[in-house]
Amino acid sequence: MSNWLDELNVGALLESGILLIGQLVLAFIAFYVARAIGRKVISQTFAKMKDQRNISAGRSHTLEKLTHNILSYVLIFILVTFIAEMFGLSPGALIAGAGVVGLAIGFGAQGLVSDVVTGFFLLLEKQVDVGDYVTIAGLDGVVEEVGLRTTQVRGFDGTLSFIPNRNITDVHNHSRGNMRALVDVSVPFEDDMDTTIKLIQEACLDLGEVKEFIKEGPDVLGVEDLTSSLVTIRVIAKTENMHQWTVERRIRQAIKQAMEKKKQLDEAESTNDEE
């Protein structure tokens with residue numbers, strides 16, 4: 001036992017350990033520095049491309065995030081290869097082993113392959129971009145990131161959903177053109193329809209600050225539905241993307257204010273007639 005301890009060179013082991021830890025620290029520092037520099041270069045490159053080639057902001061942001069992810073994967077692969085060499089492992093042997101393992105689990109990785117293929121065509125065909133309002137996989141929200149494996153959609157309640165690309169069978173993109181603002185107004189059955197429609201149309205002419213979002217209309221289409229006590233009148237307008245709800249709320253407010261004003265005038269005329 002004492003002979004073994006004598007033969008053991010504690011100093012050499014300590015020196016080797018310190019050297020190994022130092023190399024690991026330097027490797028990780030180099031990784032983070034290279035990633036930071038790479039991301040900055042990518043961001044600057046896409047900023048120039050957006051200006052020079054007239055690429056939309058959403059498309060530029062989508063491709064920029066995807067390029068960041070690819071850069072991270074490449075740097076991680078280089079880091080793992082460097083660490084393997086530090087421990088005396090051959091990168092070629094690791095790659096060969098990974099190939100054997102990949103072949104063994106290939107039949108179980110069909111979902112991953114489907115994710116990558118679907119994500120590739122989502123990007124190639126420009127079906128969605130970052131910032132688009134979409135309905136995919138039964139979820140409504142704004143696209144935050146499009147990757148080769150998953151697509152991230154932020155719901156209007158703040159929930160961030162990670163959707164595997166293989167689950168995206170239908171894409172409903174609500175940000176590729178003007179949207180429709182639709183308002184149904186219910187009025188008493190006994191009201192004069194011509195007068196009411198005229199009142200609603202006049203109210204829609206004064207929409208204040210939301211007018212800049214309106215591309216066409218608002219127009220009163222006429223009577224949409226009838227019940228025993230109510231008549232539904234429909235109003236529509238074409239608006240910019242993502243502003244249809246704001247316009248709908250302002251139309252309802254304007255109609256409500258116009259009806260209240262008319263009611264006050266009618267009551268005042270009724271009072272004057274009685275006097």
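- Side-chain contact check for Val128 versus Asn173: some heavy-atom pair is nearer than 4.5 Å.
- Contact record, Leu207 with Ala254: CD2-CB, 3.9 Å, taken as the closest heavy-atom pair.
- Applying the salt bridge (Lys or Arg N to Asp or Glu O under 4.0 Å) test to Arg154 and every residue at least two apart in sequence or in another chain returns Glu144.
- Leu199 places a side-chain heavy atom less than 4.5 Å from the side chain of Met259.
- Pairs passing the salt bridge (Lys or Arg N to Asp or Glu O under 4.0 Å) check and including a residue from residues 209-234, sequence neighbours excluded, read Asp184-Arg234, Lys215-Glu240, Glu224-Arg234.
- Sorted by first and then second residue, the side-chain hydrogen bond (donor to acceptor under 3.5 Å, both in side chains) pairs with a member in residues 194-208 read Asp192-Thr195; sequence neighbours excluded.
- Taking 4.5 Å as the limit, some side-chain heavy atom of Arg249 sits within range of a side-chain heavy atom of Thr246.
- Within the 4.5 Å cutoff, no side-chain heavy atoms of Val231 are placed close to those of Asp191.
- Using a 4.5 Å cut-off on side-chain heavy atoms (C-beta onward), Leu182 and Gln244 make no contact.
- When all heavy atoms of Asn167 and Ala137 are compared, the pair lying nearest together is O-CB, 4.0 Å.
- Within the structure, ring-ring contact (aromatic ring centres under 6.0 Å, His included) pairs that include any residue of residues 215-255 comprise Tyr133-Trp245, Phe156-Trp245, Phe213-His243 (at least two apart or interchain).
- Sorted by first then second residue, the ring-ring contact (aromatic ring centres under 6.0 Å, His included) pairs that include residues 188-210, not counting sequence neighbours, number zero.
- Contact of the Met193 side chain with the Val187 side chain is registered, since non-hydrogen atoms from C-beta on lie closer than 4.5 Å.
- With sequence neighbours left out, the salt bridge (Lys or Arg N to Asp or Glu O under 4.0 Å) criterion links Glu190 to no other residue.
- In this structure, Gln127 and Val134 have side chains that are not in contact, with every pair of non-hydrogen atoms separated by 4.5 Å or more.
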